[in-house]
Amino acid sequence: MKLRQKIIFLAIVPLILALCAIALAVRHQAVALGQQQRATIQAAYLASKEAELKHYVELATWSIAHLYDSGRKDQAALDEAMAILSKLSYGDDGYFFIYDMQGKSLMHPRQPELVGRDLWDMKDADGNLTIQHLIERARSGGGFERYQWEKPSSHHVASKLGYVVALPNWGWMLGTGIYMDDVDAALSKIDTQVSGNIRNTMWWIAGIAILSALVVGVSGLVLNISEHRVADAKLKVLAQRVVRSQEEERARLSRDLHDGISQWLVSIKLQIEAGIAKLDNGPQQSAAARATFERSAGQLNDVLAEVRRISHDLRPAILDDLGLAAALSHLAREWLEHAGIPIDFQHSGNTDGMPAVANTVLFRIAQEALANIARHSQATQIKVLLQGDAQAVTLTVQDNGVGFDVDQIDGNPKHGIGLRNMVERLEAVGGRLKVNSSAAGTTVLATIPHPHYSYA
């Protein structure tokens, strides 16, 4: 997986995980809220139905109160009371029923086939003694009872909530009830709505997650393309700079070879030819020929020194053999010989163990800094300090020259190539460059931290 893909992946995955966590939390809270809402509605609905049933029974007892309170117990009064109660109804499934205290059905408007039957031992689908429980509830002062009973409108057994009271003067149990399947249907509708809302919320969160992932992915792609273009532009500039540096180095080598070594070799060639010619002119010219050959030998020594200088500029062998400190000390001595500016080189701490590429970077920075001092600073004193400690190795090049405006050089693409080369060399090995300059002089500080010593 490429770096840009890893970055996009690391950006999208936490987002998706966060949205999934949010979705789970929302779903959990929504389910809990739905259950609480269902329980609240169920309790409120049942409370309203219980109050309604109680009012129905009170209405029924009030409708026969004139007969019951009269103290009459004759069959005519009982038949008149049952006739009144049988006419009281509220919907297809809302009716009143009467049983005596021994479980015999005395009135049942919706199931007349039960009238006159002894239902004391009747059990519902759950095995409960329905009539006995209702009579016990009535004898205990009246109240509510849950049981299973056939629903008249559907002829199916359903859960029913009944409310019964006792009429002791007549030996009756009077009651009514509502079927709970209607309540269950209403609660099921609420559950369906809650589930639908939760499902819609999950779809919204999923859509937001997908849209967010697409936005992040597209933004990352656009950013990668933009950064890729910027990187390509920087790479082209860097490539041009490398090519220009190579051409400048080749031009310098060409000048050194043409203006120095080439001319010396031509001069030596001519002197050797002149010496050979003198040898042919007899013994008297032997002394002159000898002097000519001696001058040629001296010039050959100069040529060899020049070749060593050029070789040292390209890659000092002492850097590989004795290390950075020795190479910088040698560079300081050579600089004094060629430029005539005294250099105070100091070395402190431990700088061993650095890879060759780091040594080369610091050595080239020292060369570049000294070259800039010679060209621009008008300095009379130079101080080079190489320090090593547990955190980093630091190279400091300081002069007492006229200085320059660092910000102006950084902002001008046609100037400060040497400084930019220093920065790029250090960045390649994880180091950093700091330049301070004023009218009192310039300080170049190059640092390579220890964690980058493993750079190869």
Side-chain angles (χ1 to χ4, degrees), residues 42 45-69 72-73 75-126 128-187:
Q42 184 178 18
Y45 196 69
L46 289 177
S48 66
K49 290 299 181 181
E50 288 174 355
E52 184 179 353
L53 288 177
K54 192 173 182 180
H55 292 159
Y56 284 155
V57 172
E58 290 176 352
L59 178 63
T61 56
W62 179 83
S63 65
I64 61 173
H66 64 287
L67 297 173
Y68 186 77
D69 295 339
R72 295 174 56 187
K73 296 184 181 180
Q75 190 63 38
L78 298 179
D79 291 341
E80 183 180 355
M82 285 189 287
I84 294 173
L85 293 174
S86 64
K87 294 179 181 179
L88 295 177
S89 63
Y90 45 95
D92 295 336
D93 299 320
Y95 57 89
F96 292 91
F97 55 81
I98 301 175
Y99 290 83
D100 64 18
M101 291 303 178
Q102 288 73 41
K104 181 179 178 181
S105 177
L106 302 179
M107 184 194 76
H108 203 295
R110 298 295 187 270
Q111 292 178 290
E113 68 274 10
L114 298 180
V115 176
R117 293 176 55 184
D118 184 2
L119 303 179
W120 179 260
D121 295 325
M122 179 181 179
K123 295 182 179 179
D124 62 12
D126 296 331
N128 298 317
L129 295 170
T130 304
I131 304 302
Q132 291 185 29
H133 290 168
L134 289 173
I135 292 174
E136 290 175 3
R137 181 68 64 184
R139 283 174 175 172
S140 62
F144 298 96
E145 185 72 25
R146 294 287 292 265
Y147 59 96
Q148 301 288 329
W149 198 266
E150 181 180 323
K151 188 175 182 180
S153 60
S154 63
H155 300 289
H156 293 128
V157 176
S159 178
K160 187 174 183 179
L161 176 64
Y163 182 77
V164 294
V165 295
L167 300 177
N169 292 338
W170 289 350
W172 283 4
M173 175 192 69
L174 171 64
T176 187
I178 59 171
Y179 291 90
M180 300 303 295
D181 57 344
D182 295 336
V183 177
D184 294 337
L187 294 176

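Given the structure is predicted, the values throughout are model-derived calculations rather than measurements. The basis for the numbers below is simple: all heavy atoms, side chains too, and nothing from hydrogens, waters or symmetry mates. Numbering of residues begins at 1 and proceeds along the displayed sequence.
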> Quick check for you: to the nearest 0.5 Å, what is the distance between D92 atom CG and S154 atom OG?
10.5 Å
> Any chance you could measure I131, atom CD1, to Q102, atom CD, to the nearest 0.5 Å?
13.0 Å
> Just wondering, do T130 and K160 contact through their side chains at under 4.5 Å, heavy atoms?
no
> Looking at side-chain heavy atoms only, is the closest gap between D126 and Q148 below 4.5 Å?
yes
> How close do R146 and L161 get, heavy atom to heavy atom, and via which atoms?
CD-CD1, 3.4 Å
> Are side-chain heavy atoms of Q111 and W149 found at a separation under 4.5 Å?
yes
> What verdict does the side-chain contact (heavy atoms from CB on, under 4.5 Å) test give for K123 and N128, after you've listed the backbone C-alpha separation in whole Å, the side-chain angles of each residue and the deciding distance to 0.1 Å?
CA-CA 5 Å; K123 295 182 179 179; N128 298 317; over 6 Å; no
> In Å and rounded to the nearest 0.5 Å, what is the CG to CG distance from D100 to L106?
5.0 Å
> Got L129 and M122 here, is their nearest side-chain heavy-atom distance under 4.5 Å?
no
> Walk me through it: do D181 and S159 pass the test side-chain contact (heavy atoms from CB on, under 4.5 Å)?
CA-CA 7 Å; D181 57 344; S159 178; over 6 Å; no
> How long is the span from the CZ atom in R117 to the OG atom in S105, to the nearest 0.5 Å?
9.0 Å
> Start with the C-alpha distance between V115 and M107, add both sets of side-chain angles, then the distance that settles side-chain contact (heavy atoms from CB on, under 4.5 Å), and finish with yes or no.
CA-CA 6 Å; V115 176; M107 184 194 76; 5.5 Å; no
> Are any side-chain N or O atoms of D93 and backbone N or O atoms of S153, one a donor and one an acceptor, separated by less than 3.5 Å?
yes
> What are the two closest non-hydrogen atoms of A60 and L174, and how far apart are they?
CB-CD2, 4.2 Å
> Any chance you could measure E150, atom CD, to H155, atom NE2, to the nearest 0.5 Å?
6.5 Å
> Nearest heavy-atom pair of M82 and W172: which atoms, and what distance?
CG-CH2, 3.6 Å
> Could you check whether any side-chain heavy atom of K87 comes within less than 4.5 Å of a side-chain heavy atom of F96, counting everything from C-beta outward?
no
> For residues T176 and Y90, is any side-chain donor paired with an opposing acceptor at under 3.5 Å?
yes
> Any non-hydrogen side-chain atom of V157 less than 4.5 Å from a side-chain atom of D124?
no
> So Q132 and W120, do their side chains get closer than 4.5 Å, heavy atoms only?
yes
> About how many Å separate CG of D118 and NZ of K104, when rounded to the nearest 0.5 Å?
8.5 Å
> For residues 163-171, which side-chain N or O atoms pair as donor and acceptor with protein atoms under 3.5 Å away, sequence neighbours left out?
unit_1: N169; atom_1: ND2; unit_2: Y68; atom_2: OH; d: 3.3
unit_1: W170; atom_1: NE1; unit_2: R72; atom_2: O; d: 2.8

> Check L67 against A81 and note the closest heavy-atom contact, atom names and distance.
CD1-N, 3.7 Å
> Are V57 and K54 packed together at the side-chain level, in the sense that at least one heavy-atom pair is separated by less than 4.5 angstrom?
no
> Please report whether the ring centroid of H108 lies less than 6.0 Å from that of Y99.
no
> At their closest point, which heavy atom of G91 faces which heavy atom of R110, and how far apart are they?
O-NH2, 3.1 Å
> Which salt bridge (Lys or Arg N to Asp or Glu O under 4.0 Å) pairs, counting each pair once, include a residue from residues 130-144, with sequence neighbours left out?
R137-E145
